[in-house]
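Each remark here refers to the structure printed beneath this line.
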Amino acid sequence: MLDATTRSGGTATASPRATAAELTVPLPPAPATGFAARCARLLLSPWSRLSLLVLLLLTAASLMLAFEPQRLLTDGWPARLGGTAAVVAYAVAYGVCTVAFVPRPLLNLAAGALFGSQLGLGAALGGTVLGAGLAFCLGRALGQEALRPLLRGRWLKAADDQLSRHGFRSMLAARLFPGIPFAASNYCAAVSRMGLPPFLLATALGSVPNTAAYVVAGARASTPTSPAFLIALACIAVPGLVGAVVAWRKRHQLRGR
């Protein structure tokens, strides 16, 4: 009996068993349809992750209101560590507190009072970038997929397009403009298609003027008549006033349309 080729050198003839084996295509495994698989899909769905994000933020804000751990920062606890460790500890605590919606001006003033102008500015900027990065990553991982389909209004689409296409420039302007809330800009950037590196760089650069003004004011609070303190107050008050005027004019322009 001849197998694959004839003994006389004829053409190769595949056996029926070999042909059937070669033509057999492995089928992909059927998707799991059990109770555990349904629970996993439900827990990993966009709206479940968004609910988890809201729950985490509400819990963090409630804990901050109930226990006021920011008092550890303003009462001088990190400074007791001494040296670089104190600055790093303050920056980490600062970042966590901003995610839980603790106002940054309070933390900036405390940084200046605890560490002085130079180290205080380093601690405050480090905490600012860390807090912004944490909020961005949380919003991107837990909220972006659920919230992006809701960007249907003209203003929402325009803001999303601006952040997605001109992320660094837009975020830099948002950090420099004093009227835009820190937490809101973090989560708006997370929902957009803006990348993390330009977001962090724009946050670091754009936060310098306002943060420095508060830190210097906190460092010179014991001498309220000193030129440094008065200049810092002016740097805080003037941008805030300009921001309020611009917001007021924009509001009336929108009402007139």
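Computed from heavy atoms alone, side chains included, the values below leave out hydrogens, waters and symmetry copies.
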For [X] against [Y], the heavy-atom pair lying closest together:
X: Phe115; Y: Gly120; answer: CB-N, 3.6 Å
X: Thr203; Y: Ala132; answer: CG2-CB, 3.9 Å
X: Leu109; Y: Ala217; answer: CD2-CB, 4.0 Å
X: Met194; Y: Arg140; answer: O-NH2, 2.7 Å
X: Gly131; Y: Val99; answer: O-CG2, 3.6 Å
X: Ala91; Y: Gly126; answer: CB-C, 4.3 Å

Do [X] and [Y] share a hydrophobic cluster, counting only Ile, Leu, Val, Met, Phe, Trp and Tyr and linking them when any side-chain heavy atoms are less than 4.5 Å apart?
X: Leu200; Y: Leu163; answer: yes
X: Leu196; Y: Val129; answer: yes
X: Ile231; Y: Val208; answer: no
X: Leu205; Y: Leu125; answer: no
X: Leu130; Y: Val96; answer: no

At what distance, to the nearest 0.5 angstrom, does [atom1] of [X] lie from [atom2] of [Y]?
X: Leu63; Y: Thr59; atom1: CG; atom2: OG1; value: 6.5 Å
X: Ser48; Y: Leu53; atom1: OG; atom2: CG; value: 12.5 Å
X: Leu172; Y: Leu201; atom1: CG; atom2: CG; value: 8.5 Å
X: Leu138; Y: Arg49; atom1: CG; atom2: CZ; value: 12.5 Å

Walk me through whether Leu56 and Leu142 qualify under side chain to side chain contact (heavy atoms under 4.5 Å, CB included). CA-CA 11 Å; Leu56 287 175; Leu142 300 179; 4.2 Å; yes
In short, salt bridge (charged side-chain N to carboxylate O under 4.0 Å, His left out) pairs touching residues 162-173 with sequence neighbours left out are Asp161-Arg165
| Can you list every pair that meets ring pair (Phe, Tyr, Trp, His ring centres under 6.0 Å) and has a residue in residues 134-153, with sequence neighbours left out? |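 Listed once each, the pairs are Phe136-Phe199.
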Here the ring pair (Phe, Tyr, Trp, His ring centres under 6.0 Å) pairs for residues 209-241, sequence neighbours left out, are none
Q.
Using only atom types and a distance under 3.5 Å, with no angle test, would you say the side chain of Gln144 pairs donor to acceptor with the backbone of Ser192?
A.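 Such a contact is found between Gln144 side chain and Ser192 backbone.
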Check: Ser164 main-chain N/O paired with Arg193 side-chain donor or acceptor under 3.5 Å
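No; judged by distance alone, with no hydrogens or angles, the pair does not exist.
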Those residues that, when tested against [X], pass side-chain contact (heavy atoms from CB on, under 4.5 Å) (two or more places apart):
X: Ala146; result: Pro46, Trp47, Leu50
X: Leu58; result: Val54
X: Ser51; result: none
X: Thr223; result: Arg220, Ser226

>> Which residues pass the side chain to side chain donor-acceptor pair (under 3.5 Å) test with Arg148, not counting sequence neighbours?
In response: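 Partners of Arg148 under the side chain to side chain donor-acceptor pair (under 3.5 Å) test: Asp160.
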Report task. Please name all residues satisfying side chain to side chain donor-acceptor pair (under 3.5 Å) with Gln162, sequence neighbours left out, ordered by chain then number. Result ->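 With neighbours one apart ignored, the set is Ser170.
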For residues 119-129, the side-chain hydrogen bond (donor to acceptor under 3.5 Å, both in side chains) pairs (sequence neighbours left out) are Tyr94-Thr128, Arg104-Thr128
Aromatic rings Tyr187 and Phe101: how do their planes relate, parallel, tilted or perpendicular, breaks at 30° and 60°?
-> tilted
Going by atom type alone, with no hydrogens or angles, which donor-acceptor pairs under 3.5 Å involve a side-chain atom of residues 177-186 and a protein atom two or more places apart or on another chain?
residue, atom, partner, partner atom, Å
Ser185, OG, Arg175, NH1, 2.6
Ser185, OG, Pro181, O, 3.2
Ser185, OG, Phe182, O, 2.7
Asn186, OD1, Arg175, NH2, 2.5
Asn186, ND2, Phe182, O, 3.3

* Note, Thr211 side chain near Leu121 side chain (heavy atom, < 4.5 Å) ->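 Yes - at least one pair of side-chain heavy atoms lies under 4.5 Å apart.
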